[in-house]
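Heads up, the thing below is written out as structure tokens.
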4 protein chains.
Amino acid sequence: MKKELKKDQILGAAGIVFSQKGFHQAKMDEIAVLAKVAKGTLYYNFSSKSELFAATVTQGLNRIMAQIKAELESDLPFMAHLKGLISSIVRLYISHSEVSRIYANEMSSGIDDKVLVEIKGVRKEFIRFIENILKTGEEKGYLRPLPHYLSALAAVGIIDTLCAAHLEDPDKGSVEQIIETVYTILSTGLVANPSGKSHIK
Amino acid sequence: MKKELKKDQILGAAGIVFSQKGFHQAKMDEIAVLAKVAKGTLYYNFSSKSELFAATVTQGLNRIMAQIKAELESDLPFMAHLKGLISSIVRLYISHSEVSRIYANEMSSGIDDKVLVEIKGVRKEFIRFIENILKTGEEKGYLRPLPHYLSALAAVGIIDTLCAAHLEDPDKGSVEQIIETVYTILSTGLVANPSGKSHIK
Amino acid sequence: MKKELKKDQILGAAGIVFSQKGFHQAKMDEIAVLAKVAKGTLYYNFSSKSELFAATVTQGLNRIMAQIKAELESDLPFMAHLKGLISSIVRLYISHSEVSRIYANEMSSGIDDKVLVEIKGVRKEFIRFIENILKTGEEKGYLRPLPHYLSALAAVGIIDTLCAAHLEDPDKGSVEQIIETVYTILSTGLVANPSGKSHIK
Amino acid sequence: MKKELKKDQILGAAGIVFSQKGFHQAKMDEIAVLAKVAKGTLYYNFSSKSELFAATVTQGLNRIMAQIKAELESDLPFMAHLKGLISSIVRLYISHSEVSRIYANEMSSGIDDKVLVEIKGVRKEFIRFIENILKTGEEKGYLRPLPHYLSALAAVGIIDTLCAAHLEDPDKGSVEQIIETVYTILSTGLVANPSGKSHIK
DNA sequence: TATGAATGAGATTTCATTCAT
DNA sequence: CATGAATGAAATCTCATTCAT
């Protein structure tokens with residue numbers, strides 16, 4: 001019981017340090033100090049820096065995903081549902097900036113392969129989740145037929161990028177603007193009168 | 001003259017190593033070996049690892065941007081122009097995977113602040129470039145009014161994400177599929193009959 | 001009473017781990033796990049790793065020595081006695097490989113001085129025991145006059161080395177071959193016709 | 001050229017420290033200080049502590065073996081040859097106590113397997129060398145038929161043990177006494193009148 | 001201009017030992 | 001008596017950077 005407490009304490013500190021410094025620049029010393037435990041305690045609870053990182057990201061992403069799913073328990077019409085989804089993701093992404101910053105910046109190499117695979121697994125699960133929603137939308141006739149996986153990826157990519165920009169400099173666009181932009185692009189694209197697109201093409 | 005040759009030799013090696021390993025995992029030793037120069041020569045030509053990194057990325061991105069601009073010297077109608085732009089970016093992104101991979105993965109902290117600013121500058125320039133194209137499109141009535149900067153960011157985000165996915169596992173989607181997906185989403189969005197969107201909303 | 005049980009449990013585990021890994025490579029954690037007690041219990045019963053090591057070796061050697069002495073309660077003629085002694089030592093050495101391996105490999109530094117002295121004391125006692133047998137042999141006219149201590153040391157050295165070789169790779173020589181070799185060298189040496197040695201010399 | 005100098009400097013220091021403290025107790029810091037180089041230089045020249053250890057032992061043993069062989073370039077009669085061999089080994093063993101102490105004490109586990117194998121290889125080579133001399137002696141009729149490998153092992157075992165004892169406490173026996181004891185045991189054994197051994201048995 | 005041996009600050013990790021429960 | 005979570009000193013190893021040649 002007490003052990004779990006310490007683990008959470010550590011994960012909290014790790015989230016902050018990892019998101020501020022990135023994996024390689026984050027020092028175990030700093031995490032230990034912030035968590036107010038001895039360095040050895042870090043290793044007593046997590047067998048390595050990589051594993052601590054994995055746990056931090058995984059726990060964070062899982063919490064976010066759980067919250068997203070929870071916020072979607074609604075019976076709204078599909079498009080409202082979609083907008084709600086986008087809104088949820090963006091808001092959570094921004095409010096959990098520790099995790100999302102890590103997620104956006106540190107998916108590169110240099111981390112234990114096993115750990116990287118684990119983290120990417122969580123991301124994949126998230127993309128599948130979006131993919132399924134898009135598939136439902138298509139089946140119900142709301143969305144045009146598209147390669148779901150790529151579309152889901154694209155949706156996540158837009159959100160990633162806009163939120164990262166917002167976190168770096170909030171003046172670039174408010175949260176509402178971001179949600180609106182994401183929703184508009186995903187639903188209707190940038191073109192003015194899509195009905196005329198056949199002419200253009 | 002000869003010095004420039006050596007610099008290019010080094011930048012070539014650095015591009016490969018940085019893209020494969022990321023900034024922190026890339027070792028000066030390895031770059032020196034690959035460039036077939038002594039380690040001291042690295043420091044003779046670039047004052048630090050960070051500066052070498054900056055030069056690598058900057059040079060790479062500038063080359064890509066120059067190529068994109070070159071490929072756009074056309075008088076096609078706007079939408080064809082847009083599609084050509086997307087196609088160019090995606091193809092160059094994928095063929096210059098050394099640079100784009102770095103760009104996507106290593107924008108995190110842990111790199112000299114000055115260097116980071118320099119790199120981000122190049123990215124910003126790129127986004128401005130896209131932004132201007134979108135602005136032109138809007139002025140000519142092809143695109144609906146939107147916050148240009150966010151739209152440009154979103155466009156880059158989609159491309160980033162899809163190309164990164166392709167580079168990691170080409171089976172996820174062919175280059176053509178990626179171009180098509182990007183174009184479709186950006187132009188018309190995912191919704192089946194956008195005309196009916198008013199009802200939904 | 002129960003405490004003694006636990007101590008034996010621990011000493012058993014320690015013997016196995018110390019002999020397999022050596023003093024420095026043996027971890028208290030591993031001993032605790034193997035002994036099926038908590039790590040704290042190790043320290044409750046033995047004040048330090050060194051002391052546990054000392055106890056392990058001492059107990060083991062004392063048991064072996066007791067057995068050797070027991071097997072020698074005989075009235076055989078001296079040379080048979082000697083051969084029996086060699087046979088006993090070799091067999092016990094090999095069957096108690098946990099202890100003998102420690103004894104052969106870990107007499108080096110890096111262990112608490114006090115502990116080292118204790119262990120060396122047990123060894124010395126053993127050598128004195130051999131020495132006394134040799135002295136008796138000399139007094140009874142069976143053995144030529146020799147520095148007893150060195151001879152005893154030499155005898156132990158031969159046995160140590162051959163048994164260690166056998167434990168490492170039993171194909172090098174069977175137990176019987178080892179006993180025979182030790183006995184032959186100690187009794188008559190390697191020279192073919194010792195009577196003629198004066199000529200050679 | 002200069003690099004070799006530094007390597008020798010390091011190997012010298014390593015020999016001293018390893019022999020005094022043993023592998024695990026020897027600290028890279030101490031070796032660096034004694035060698036008057038920075039710690040990094042140790043790693044620049046030897047990729048790990050284990051490798052430095054291996055190099056130290058291997059170089060030392062090879063030197064000793066070379067010297068032994070050199071001292072044996074003689075045309076003495078076999079038994080004198082044998083005595084000369086013993087004398088050489090014992091004297092070198094004692095004068096190169098750094099190496100021999102390591103060799104006697106640190107063949108245990110806890111060292112990189114690859115390194116251990118390397119060191120054991122040198123030892124095996126040494127034993128083969130002795131074995132060949134014994135074989136020659138047998139072929140020429142000087143020595144009785146015996147399992148060569150075991151005999152060689154036994155010879156090395158006696159020398160190891162007596163020299164180790166001398167190094168630990170020189171009062172136990174002078175170098176001459178040791179040589180005499182080794183020679184006597186190996187040549188004629190301990191028994192007073194070997195001719196009568198049949199009766200005893 | 002080019003080299004590469006040398007450096008040393010600093011990072012991760014280990015593990016015997018302690019002590020509150 | 002027994003436990004095991006917590007500790008922190010200490011060790012190995014890395015690698016960007018320097019500088020004499």
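Residue numbering restarts at 1 for every chain, and letters A, B, ... go by the order of the sequence lines.
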Starting at CD1 of Ile31(D), measure out to CE of Met28(D) and round the result to the nearest 0.5 Å.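 So the CD1 of Ile31(D) and the CE of Met28(D) are separated by 5.5 Å.
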Atom pair NZ/OG1 of Lys39(D) and Thr41(D) - distance to nearest 0.5 Å: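 These two atoms lie 11.5 Å from each other.
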Nearest-Å distance, [atom1] ([X]) to [atom2] ([N])?
{"X": "Leu42(C)", "N": "dC19(E)", "atom1": "CG", "atom2": "C1'", "answer": "16 Å"}
{"X": "Leu5(C)", "N": "dC1(F)", "atom1": "CG", "atom2": "C1'", "answer": "14 Å"}
{"X": "Lys21(A)", "N": "dT12(E)", "atom1": "NZ", "atom2": "P", "answer": "12 Å"}
{"X": "Asp29(D)", "N": "dA10(F)", "atom1": "CG", "atom2": "C1'", "answer": "9 Å"}

Please work out if [X] contacts a base, only the sugar-phosphate, or nothing of the nucleic acid, heavy-atom cut-off 4.0 Å.
{"X": "Ala32(D)", "answer": "nothing"}
{"X": "Lys49(D)", "answer": "sugar-phosphate"}
{"X": "Lys39(C)", "answer": "base"}

Among [options], which nucleotide has an atom closest to any side-chain atom of [X]?
{"X": "Tyr43(C)", "options": "dA5(E), dT18(E), dA6(F)", "result": "dT18(E)"}
{"X": "Val37(B)", "options": "dT3(E), dG4(E), dT17(E)", "result": "dT3(E)"}
{"X": "Met28(A)", "options": "dA6(E), dT7(E), dT12(E)", "result": "dT12(E)"}
{"X": "Tyr44(D)", "options": "dT7(F), dT3(E), dA5(E)", "result": "dA5(E)"}

With a 4.0 Å cutoff (strictly under), does any side-chain N or O of Asn45(B) reach OP1 or OP2 of dT1(E)?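 No.
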Row check, Phe46(B) ring normal vs Lys7(B) NZ/CZ: under 6.0 Å, within 45°: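 Because its charged atom sits under 6.0 Å from the ring centre and within 45° of the axis, Lys7(B) does stack over Phe46(B).
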So, is the end of the Lys49(A) side chain (NZ or CZ) under 6.0 Å from the ring centre of Phe18(A) and within 45° of the ring's axis?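 Checked: cation-pi criterion not met.
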Searching all strands shown, indicate the nucleotide that pairs with dT13(E) (Watson-Crick or G-U wobble; both distances under 3.5 Å).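 When the pairing criteria are applied, dA10(F) turns out to be the nucleotide that pairs with dT13(E).
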Does dA20(F) have a Watson-Crick or wobble mate here (both distances under 3.5 Å), and if so which one?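 dA20(F) is paired, partner dT3(E).
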Considering all heavy atoms, the nearest Phe23(B)-Ser50(B) contact: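 For Phe23(B) versus Ser50(B), the nearest heavy atoms are CZ-OG, 3.7 Å.
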